[in-house]
Every structure is written in structure tokens, then in C-alpha cells.
Q: 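Got a structure for you, questions after.
The chains referred to below are lettered A, B, ... by the order of the sequence lines, with proteins before strands, and numbering in each begins at 1.
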Number of protein chains: 2
Amino acid sequence: MSRVTIKDIARKLNVSATTVSNALNGKPGVGKSARKKIQDLAREMGYQPNYFAKGLVSRQSYAIGLVITNITDPFYPELALGVQEKAGEWGYSTMLFNTNHKQESQETIIRMLGAKGVDGVILSTVRQDDPAIDLLDEMEMPYVLVNRMILNPRKAGHIDSVTLDNYSGSHQAATHLCRLGHTRIAVIAGDMGASTAIIRTSGAMDAFKEWGVSIPDNWFVDCGYTKDRAFNAVRKILTRSAHRPTAILAQDDNMALGVREAAYAADLRIPEDLALVGFNDISFASLIGIELTTIRQDQHHMGMTCAEILISKLQNPKRRGLCNNVLIQTDLVIRKSCGFYLNGYP
Amino acid sequence: MSRVTIKDIARKLNVSATTVSNALNGKPGVGKSARKKIQDLAREMGYQPNYFAKGLVSRQSYAIGLVITNITDPFYPELALGVQEKAGEWGYSTMLFNTNHKQESQETIIRMLGAKGVDGVILSTVRQDDPAIDLLDEMEMPYVLVNRMILNPRKAGHIDSVTLDNYSGSHQAATHLCRLGHTRIAVIAGDMGASTAIIRTSGAMDAFKEWGVSIPDNWFVDCGYTKDRAFNAVRKILTRSAHRPTAILAQDDNMALGVREAAYAADLRIPEDLALVGFNDISFASLIGIELTTIRQDQHHMGMTCAEILISKLQNPKRRGLCNNVLIQTDLVIRKSCGFYLNGYP
DNA sequence: AGAATCAACTTTAACGTTAAACTAAAAAAG
DNA sequence: CTTTTTTAGTTTAACGTTAAAGTTGATTCT
């Protein structure tokens with residue numbers, strides 16, 4: 001690929017390789033005219049630095065890894081784009097890896113990232129007591145958590161994270177349903193090993209308590225953030241329960257779509273027969289005909305933020321001691337699926 | 001990161017570095033017992049090869065680049081996943097880059113990919129007479145086109161590609177609308193610099209000709225595969241035309257969603273007042289309430305196929321002379337948006 | 001004027017891995 | 001039992017870049 005080397009330039013100008021290197025990297029110790037000559041010739045010859053050699057000596061790859069569950073989940077593309085844009089600004093490239101919800105593949109991926117020499121990792125998929133954390137620490141690999149975090153206060157204190165204010169978002173969503181008069185509410189939860197689901201659950205439960213609403217055990221189902229499991233869970237709830245719920249709180253929009261399909265399959269209308277609230281505001285929640293009431297967040301901003309934190313640590317090793325925990329605010333977006341525009345608040 | 005080197009292992013076992021290298025890479029010239037000892041110790045010490053050193057000497061990075069317009073376009077995630085999975089199987093990692101529809105950023109990206117030393121590139125974004133092609137040829141970088149291709153027969157003959165049978169797909173879609181009795185059809189085209197849009201247009205136009213349907217000039221609009229431009233174009237068509245179209249053929253589902261929003265904004269119902277057919281069958285085309293009639297394709301398979309072709313070339317330099325042009329078949333998926341289930345064929 | 005400082009370089013070595021050329025001893029062939 | 005071949009290694013050098021230490025010759029200080 002890159003044929004022209006520093007040595008070729010050095011030979012042509014009768015200087016040493018080091019001088020060329022210094023000239024091109026803006027380091028001192030090179031005369032003004034010599035520097036210009038070198039820079040011009042480098043451009044003319046189409047010189048491209050060899051990143052293998054650079055990396056070998058500097059131990060920096062200018063690449064970061066981004067670990068997500070699956071890029072086909074509409075939650076991730078915007079996050080990935082944010083990370084890539086911010087990383088690109090700083091000259092870093094991004095390697096994307098899908099765990100497909102498998103714990104062991106996450107470990108394999110992290111090991112590979114280490115071997116490939118990425119400078120840092122952004123992890124969006126941690127679960128509580130995830131061995132990935134220990135692995136990263138052991139490898140002394142800088143990392144930032146995004147979306148999900150570690151709740152254990154002993155660990156959390158020294159781990160960077162960029163997360164949503166899941167508590168108040170979920171509290172807001174649950175309150176909204178209660179205000180609309182619902183008392184028979186089912187909760188379609190995400191992966192309860194993930195902080196997002198844990199916190200969203202606690203926010204919702206607190207809201208329910210405030211409104212005197214209680215949720216039967218079998219109306220709370222961990223569906224692991226997958227649409228299929230949400231579909232099946234809701235189908236079960238709707239067919240088996242003598243008194244079916246009048247509202248469903250789904251902990252992400254993806255699962256909300258599963259709920260929706262299950263409701264339609266049971267000949268129920270949304271929102272007339274069943275109110276539905278999601279979480280995330282993925283791109284098609286706003287499409288006419290879907291119009292999902294949900295909790296909005298800015299994934300692009302989230303991606304940019306975590307990339308920025310990671311890169312600032314990479315650039316400035318002093319900052320590695322500091323710990324950033326960014327909490328991003330959310331908004332309730334009221335659309336048609338909750339029935340607000342049918343009745344409003346009583 | 002990777003602290004343990006081949007030399008550390010060599011020192012501990014009193015052998016040379018080369019022997020360790022040969023032992024670990026399964027090369028001959030190492031005794032059975034010595035080989036086992038080396039492998040065991042390497043595992044025990046947690047040896048990870050340094051890819052910079054490896055790459056420096058072998059000029060192989062075991063990384064490929066995938067260039068797309070934008071990962072948030074729902075067309076790409078499944079393709080990207082297919083590429084990553086197949087690449088992963090062969091030990092290659094994938095670097096994803098978004099051009100954001102900008103020609104110049106594509107060139108920058110390709111140059112950077114070259115500098116970073118990727119072994120090959122998968123390009124999903126070429127336009128006709130794209131300078132990227134010459135750049136890649138000049139860099140002697142192996143590449144495969146996916147989704148879009150170069151039509152110029154002088155060039156096409158030696159460029160690998162994996163594309164859809166866009167002609168027959170689009171022909172099928174257009175025929176479907178004609179069969180349903182539509183004669184007033186508008187075409188919302190993709191980027192006419194891309195082979196996909198060119199071929200889809202020709203397939204549709206041929207079908208229209210067969211049915212004696214003619215399309216007024218201002219009912220054919222290049223909307224560059226963006227939802228916004230499709231929305232605006234259709235709004236214009238619907239407000240300005242005295243006799244508005246009764247059907248719209250959109251060259252991708254994304255634009256079809258824009259058409260949909262524009263129709264609803266003009267108080268038209270789909271399919272009762274306006275029939276709509278898309279292309280691609282992105283994930284939410286099938287959602288209840290959207291139910292877009294469209295042309296299905298298997299992006300995951302497409303991704304796997306192009307990754308396979310690229311990697312087989314990388315692995316086997318003899319094969320570099322051969323040229324693969326894979327054409328993937330499509331299916332018409334009839335849902336509600338075209339009105340078939342309202343009237344059927346007359 | 002002589003010592004100290006500085007600018008503009010050069011030389012050497014190192015990063016970790018592997019290809020190529022070499023060596024020594026054992027096994028096979030004649 | 002000598003010669004050839006094979007096996008199991010070793011040594012050297014190279015990939016392209018840069019950090020560290022060294023070498024000039026000119027400039028400044030006292």
C-alpha cells in the first residue's frame with residue numbers, strides 16, 4: 001500500500017530519517033527551509049506514514065473499539081455514529097463489535113481488541129458483575145461505559161460512564177400512565193442484569209407506589225430487550241389473565257414493538273384497548289401509524305460524549321485518575337400510543 | 001497492553017525467538033515436544049501476538065474497511081453485520097466508515113484506510129465515474145463493490161461486485177402497480193449517480209412502456225435516497241398537480257416513508273387514495289400500520305457474500321485475477337400499501 | 001578570547017515479529 | 001562406514017518509525 005517511506009524522502013534530500021520524521025511531526029530541531037523542503041517533497045511523493053511502524057514504537061494505534069450487542073438493533077446506529085464522528089475528529093478510527101448478547105463472545109472480543117492494539121474501548125453492553133470489567137482492568141486498557149453502568153458502589157467510583165437518567169425517565173413514564181388513570185399495568189422489562197433495566201424498574205416501581213398501583217408478579221417479565229420475548233410475554237399475559245392489563249410499560253421501544261404486535265394479534269387496539277409506553281425514542285417510534293409514547297434521549301450526543309471522555313484520557317494520561325460520570329437527561333414524548341390524545345388526564 | 005513477547009518465552013525455554021514464532025504459527029522445523037512446551041508456556045503466560053510487529057513485517061493487518069453512506073440508514077446495519085460476521089470467521093476485523101453522502105470524504109476515508117493498512121475494502125457507495133475506483137486501483141488495494149456497481153463496461157469487467165437484480169426487482173414492482181390498474185404513477189428515484197437508481201429506473205420504465213403507461217417529467221424526481229427530499233418532492237407533486245398521481249413508486253423504503261408522511265400531510269390515505277411501493281424491505285416495512293409493499297432482499301447474505309469474495313482474494317493472491325459478479329435475486333412482498341388487499345388485480 | 005550555550009542536524013538502537021540463510025547432529029541411503 | 005538428506009534448531013537482518021544520545025559549527029556571554 002504505502003510505498004514511500006521516510007527513508008526514501010531522507011535519501012532524496014540527503015538528510016537523515018530522523019530529521020524527516022521530526023520535520024513531518026512538527027518537532028523542533030529542524031531548520032525552517034529544510035522543514036519546508038521535506039514537507040513539500042513528502043506531499044509530492046504521496047508519503048503516508050506506516051501505522052504499523054508508528055504503532056510498534058509508540059504503542060498507540062489511534063483506533064478505539066466500540067462493543068455493542070447488535071448493530072441491527074435500532075438503538076445503536078445513532079450511538080455508533082456519534083462515537084465515530086467524535087473519534088474521527090481526533091484522528092481515531094473505530095472498530096465495531098457485536099456481542100449478540102453472548103457474554104463469552106464479549107470476552108473474546110475484548111481480548112482481540114487488546115491484541116489488535118486498540119488504545120481504548122467503549123462498552124455499551126456491561127452487565128452487573130461482568131467479568132469484562134476485571135479483564136479490562138487487568139489488561140490496563142482504558143475504557144468508558146456507555147448506556148449501561150456498574151451499580152456496585154465499590155466499583156462504580158472509579159469507572160467512567162455516560163448513561164441516561166433512567167430513574168427519572170422511567171418514573172416519568174410510569175407516572176404518565178398512572179395519571180391517565182391506569183391501575184392495571186404490566187411491565188415488560190429489559191435484561192435485569194443490565195443497569196438500565198434495574199434502574200428503570202426501580203423508577204417505575206417507585207412511581208407505582210406513589211400512586212398506590214401494585215403490579216402482580218406475573219405482570220413483570222424480563223424480556224432481555226428483545227422484541228420476540230416481549231411479543232411472547234405479552235401474548236401470554238393477554239390470553240391467560242382473566243382481568244387483562246389496561247396499560248403496558250415497555251423498557252425499550254424495540255420491545256414496545258413486540259407488545260404492539262402481540263396486542264394486534266389479540267385484536268386489541270392501541271391505545272383504545274391497551275395503552276403503551278416505550279423507552280428510547282428510536283427513529284421509527286415517530287412514524288405515522290406507530291406514534292409511540294416514549295422517553296426520548298439523544299444517542300448521538302451520548303456517543304460523542306463517551307468518545308470524548310475516552311479520548312481525553314488517551315491524550316492526557318494525567319487525566320486517567322479522574323473519573324467522569326455523566327448523566328444525560330431524558331424527555332417524555334407524548335404520542336398516541338398511551339391514549340393521552342384520546343382522553344387526556346382525568 | 002500485551003506485555004509478554006516472543007522473546008520472553010524464548011528466554012525462559014532457552015530457545016531462539018524464531019523457534020517460538022515457528023512453533024506458535026504451526027510452521028515446520030520445531031520438534032514435537034519443544035512445540036508443545038512452547039505452546040503451553042505461551043498460553044500460561046497469556047501471550048498475545050503484537051499485531052503492529054506482525055503487520056510491519058507481513059504487510060497484513062487482518063482488518064478490512066467497509067465504506068457506507070450512513071449507519072443510521074436502516075439499509076446498512078444488516079449489511080454491516082453480515083460483513084462483520086463473515087470477516088470475523090476468518091479472523092478479520094472490520095472498520096466501518098460513513099461518507100455521509102460526501103464524495104470528498106469518501107476519498108479521504110480511502111486514503112486513511114490505506115494508511116492504516118487495511119488489507120482490503122468493501123465499498124457500498126460508489127457512483128458512476130467515481131474517482132474512488134481509480135484511487136483504489138492506484139493504491140493496488142483489493143476491493144469489492146457491494147450494493148452499487150460501476151456500469152461502464154470497460155471498467156465493470158474487472159471489478160468484483162455483489163449487487164441485487166435491481167432491474168427485475170424494479171420491473172416487478174412497477175408491473176405490480178400497472179396490474180392494479182394504475183396509470184398515473186410518480187417515481188421517487190434514488191441518487192441517479194448510483195447504479196441502483198439507474199437500473200431500477202430502467203426496469204420500471206420498461207415495465208411502464210409494456211403497459212402503455214407514461215410518466216410526466218415532473219413526476220420523476222431524483223431524491224438522492226433521502227427521506228427528506230422524498231417528502232418535499234411528493235408534497236410538491238401532490239399540491240401542484242391538477243391531476244395527482246394515484247400511485248407512487250419509491251426506489252427505496254426510506255424514501256417511501258417520506259412519501260408516506262407527505263401523503264398523510266396532504267390528508268390522503270394509503271392505499272385508498274395513493275398506492276405506494278418501496279424497495280429494500282427494511283426492518284420496519286413490515287410493522288403493523290406501515291405494511292409497505294416492497295422488494296425484499298437479503299442484506300445479511302449480501303454482506304456475507306462480499307466479505308467472502310474479498311477475503312478469498314486476500315488469502316489467495318492467485319485469485320486476484322478472477323472477477324466475481326454476483327447478482328442476488330429479489331422478491332416482491334405484497335403488503336397493504338399498494339392496495340392489493342383492497343381490490344386485488346382487476 | 002575562551003567558555004558556555006544553542007540550533008541543526010546525525011548515529012545508534014529499539015519496538016516485536018518473521019524470512020532467509022546458516023549450522024549441527026541424527027537418520028537414511030548407498 | 002561414508003555420503004547424502006532430514007530434522008531441529010540458530011543467527012542475522014529487515015520491516016518503518018522514533019527516542020536518546022552524540023556531533024558539529026555558529027552564536028552569545030563575560
Side-chain angles (χ1 to χ4, degrees), chain A residues 1-39 41-42 45-63 91 114-119 139 317, chain B residues 1-39 41-42 45-63 91 112 114-119 139-140 317:
Chain A
M1 316 305 136
S2 50
R3 182 123 295 137
V4 186
T5 76
I6 268 188
K7 284 184 186 169
D8 297 327
I9 299 176
R11 213 172 300 127
K12 280 218 181 186
L13 292 176
N14 270 316
V15 294
S16 72
T18 303
T19 300
V20 176
S21 171
N22 287 334
L24 294 176
N25 292 307
K27 299 212 172 156
V30 187
K32 236 185 168 186
S33 69
R35 168 159 296 168
K36 187 162 164 23
K37 254 187 221 162
I38 291 169
Q39 284 169 340
L41 184 60
M45 293 175 72
Y47 168 73
Q48 292 283 69
N50 181 315
Y51 280 80
F52 295 123
K54 256 184 137 90
L56 185 57
V57 64
S58 73
R59 291 151 182 298
Q60 290 228 316
S61 60
Y62 283 91
K116 289 247 172 177
V118 299
D119 295 340
M139 290 162 72
Chain B
M1 314 313 135
S2 51
R3 182 123 297 139
V4 186
T5 76
I6 268 188
K7 284 184 185 169
D8 297 327
I9 299 176
R11 213 172 301 128
K12 281 218 180 186
L13 292 176
N14 270 315
V15 294
S16 72
T18 302
T19 300
V20 175
S21 171
N22 287 335
L24 295 176
N25 291 306
K27 299 211 173 157
V30 188
K32 236 186 168 184
S33 68
R35 166 159 293 163
K36 187 162 165 22
K37 255 187 222 161
I38 291 169
Q39 284 168 342
L41 184 61
M45 295 176 71
Y47 168 75
Q48 293 282 70
N50 180 314
Y51 279 80
F52 296 123
K54 253 182 139 92
L56 185 57
V57 64
S58 73
R59 293 154 178 296
Q60 289 228 317
S61 61
Y62 283 93
M112 187 203 288
K116 289 246 172 180
V118 299
D119 295 340
M139 291 161 71
E140 294 175 48

Q: Please report the end-to-end axis angle for the helix from C:dA1-D:dT30 to C:dG30-D:dC1, five pairs per end, rounded to 10 degrees.
A: 40°
Q: Rounded to whole angstrom units, what separation is found between the NZ atom of A:K54 and the P atom of C:dG16?
A: 18 Å
Q: Is the shortest side-chain heavy-atom distance between B:T5 and B:N50 below 4.5 Å?
A: no
Q: Please state how far atom CD in B:Q60 lies from atom P in C:dT17, giving the value in whole angstrom units.
A: 17 Å
Q: Could you tell me how far apart A:F52 (CZ) and D:dT17 (P) are, to the nearest whole angstrom?
A: 12 Å
Q: With A:A42, which residues qualify under side-chain contact (heavy atoms from CB on, under 4.5 Å), at least two apart?
A: A:I9, A:L24, A:Y47
Q: Which heavy-atom pair separates A:F52 from B:S61 by the least distance, and what is that distance?
A: CZ-CB, 3.4 Å
Q: Could you tell me whether the side chain of B:N25 reaches within less than 4.5 Å of the side chain of B:K54, counting heavy atoms only?
A: yes
Q: Counting just side-chain N and O atoms, does A:Y47 come under 4.0 Å of either OP1 or OP2 of D:dT17?
A: yes
Q: Starting from P on C:dT17, measure out to OH on B:Y62 and report it in whole angstrom.
A: 15 Å
Q: Just grab all the salt bridge (charged side-chain N to carboxylate O under 4.0 Å, His left out) pairs involving residues 18-33 of chain B, residues at least two apart or on different chains.
A: none
Q: To the nearest 0.5 Å, what is the distance between OG on B:S33 and CD1 on B:I38?
A: 9.0 Å
Q: Does anything in residues 21-29 of chain B come within less than 4.0 Å of DNA chain C? Heavy atoms only, and list the residues if so.
A: B:S21, B:N25, B:K27
Q: Near DNA chain C, counting only heavy atoms under 4.0 Å, which residues of residues 30-39 of chain B show up?
A: none
Q: Applying side chain to side chain donor-acceptor pair (under 3.5 Å), run through A:S21 and A:T18 and close with a yes or a no.
A: CA-CA 5 Å; A:S21 171; A:T18 303; over 6 Å; no
Q: Any heavy-atom pair between the side chains of B:M45 and B:K12 that's under 4.5 Å?
A: yes
Q: Write down the protein N/O and nucleotide N/O pairs, taken from nucleotides 11-15 of chain D, whose separation is under 3.5 Å; answer none if there are no such pairs.
A:
from	atom 1	to	atom 2	distance (Å)
D:dT11	O4	B:T18	OG1	2.8
D:dC15	O3'	B:R59	NH2	2.9

